[in-house]
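Here is the structure we will look at.
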Amino acid sequence: MSSRRSARSGRGATGAPPAEHTPAGQDMTIVLTQPSAGGPALLGPAAADAPHIHPTAIIESGVTIGPRTAIGDGVHVRGPSVIGRECIIGEKTHIADGVRVADGVRIDSHVHICSGVTIESSVMIAAGVIFTNERYPRAADYPGEATPSTPTPEALKTVVRIGAAIGAGALIGPGIDIGPWAMIGMGAVVTRDVVPHALMIGAPARVAGWVCVCGTPLGGAAVASPTMCKRCGRRYRVVYGPRGRVLSPLEHDP
């Protein structure tokens, strides 16, 4: 290890980063108490379950990373934030402070996740997706004073629910709730909440159809009820609620 890398990561003579972790054989979640420039999170027998952090990644203090999570080249994770177990964070992705990522999430390269975003388990986010959190952003307020880099009190929260998929280059507006197992088409501009299982395309994004938990299209926006997935056999019915027409899985289906 070069002296330059050692100085940048704040490591000791052993090469281990300053992290709190449990003994081998237990949950290998780590909590960084000082910034790290990547590299193996743990040494010895625990390394098999430890998060793998690329040497060029920048992980700030206060970040929690679950076991068997892989963080790629040039990723920047600000603290405090949480990344769950068995996640993949693609190269050059930026994760801001206050972000929470659950287990089994796949995030491709060059994704920007701003403060206030929560991503539930088994979500897929393709390359180049951008999240936003303010409707009326300014670099300076009325008197001309620069605004802080941290989110203002007016910043909105966004939630991506379990199993949702967001296509490459999509833009997610502030304060959006993306429902479970929804699918956002590549390049879509999402400006309002997305109902479960909806397939959203366009700018602004609109419901163009419905998708099964397995990802198979179930038909157009006016799909009949009940309907069955030709791939996995799951069955769905159409219900009507406050947000209009929604596809709902039938009980006791796989």
Side-chain angles (χ1 to χ4, degrees), residues 1-21 28-44 46-133 149 160 164-172 184 186-187:
M1 179 185 297
S2 69
S3 58
R4 175 179 175 272
R5 177 177 167 190
S6 178
R8 180 186 176 194
S9 62
R11 302 171 190 227
T14 63
E20 299 173 358
H21 57 83
M28 300 315 304
T29 297
I30 67 168
V31 180
L32 297 178
T33 56
Q34 298 179 28
S36 170
L42 297 171
L43 301 176
D49 287 334
H52 183 273
I53 303 172
H54 193 279
T56 62
I58 299 174
I59 312 298
E60 296 187 5
S61 59
V63 174
T64 300
I65 305 174
R68 295 180 296 280
T69 283
I71 296 181
D73 171 33
V75 171
H76 185 180
V77 185
R78 300 190 63 186
S81 56
V82 176
I83 300 174
R85 62 176 59 228
E86 297 179 350
C87 295
I88 296 176
I89 312 297
E91 63 181 24
K92 308 301 188 295
T93 284
H94 178 87
I95 297 177
D97 53 291
V99 170
R100 300 186 66 87
V101 179
D103 300 338
V105 172
R106 302 293 184 263
I107 300 175
D108 282 352
S109 62
H110 296 85
V111 173
H112 176 79
I113 304 177
C114 60
S115 298
V117 173
T118 297
I119 299 172
E120 295 184 352
S121 61
S122 303
V123 165
M124 170 68 191
I125 300 177
V129 172
I130 297 176
F131 288 82
T132 60
N133 60 8
S149 60
V160 184
I166 303 178
L171 304 178
I172 312 300
I184 310 301
M186 60 183 181

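All of these numbers come straight from a predicted model, not from anything done at the bench.
Closest approach of A126 and A168 over heavy atoms only: CB-N, 3.3 Å. Closest approach of G98 and S81 over heavy atoms only: N-CB, 4.2 Å. Residues G66 and P51 approach most closely at O-CG, 3.2 Å, considering heavy atoms. Across S115 and D97, no two heavy atoms sit closer than the pair OG-O, 2.8 Å.
Listed by chain and residue number, T56, K92 satisfy the side-chain hydrogen bond (donor to acceptor under 3.5 Å, both in side chains) test with D73 (two or more places apart in sequence, or in another chain). Partners of E120 according to the side-chain hydrogen bond (donor to acceptor under 3.5 Å, both in side chains) rule, which considers only residues two or more places apart in sequence or in another chain, are R161.
Under a 3.5 Å cut-off, the side chain of T93 and the backbone N or O of V111 do form a donor-acceptor pair. For the pair D103 (side chain) and S121 (backbone), a donor-acceptor distance under 3.5 Å is absent. Of the possible polar contacts, one joining the T69 side chain to the E86 backbone as a donor-acceptor pair under 3.5 Å is found. Using modelled atom types, no side-chain atom of D49 and backbone atom of P67 make a donor-acceptor pair closer than 3.5 Å. Of the possible donor and acceptor atoms, one in the side chain of T132 sits under 3.5 Å from a partner among the backbone N and O of I172.
The shortest side-chain heavy-atom distance between I53 and I65 falls under the 4.5 Å cut-off. Side-chain contact between V99 and F131 is absent, with no heavy atoms from C-beta onward closer than 4.5 Å. With contacts defined as side-chain heavy-atom distances shorter than 4.5 Å, the pair M124/D108 qualifies.
The environment of CZ in R106 is crowded: more than 12 heavy-atom neighbours from other residues, nucleotides or ligands sit within 6.0 Å.
Within the structure, ring pair (Phe, Tyr, Trp, His ring centres under 6.0 Å) pairs that include any residue of residues 72-99 comprise H76-H94, H94-H112 (at least two apart or interchain).
Each of I119, V105, I107 was evaluated against C87; a single residue qualifies, V105, per the side-chain contact (heavy atoms from CB on, under 4.5 Å) test.
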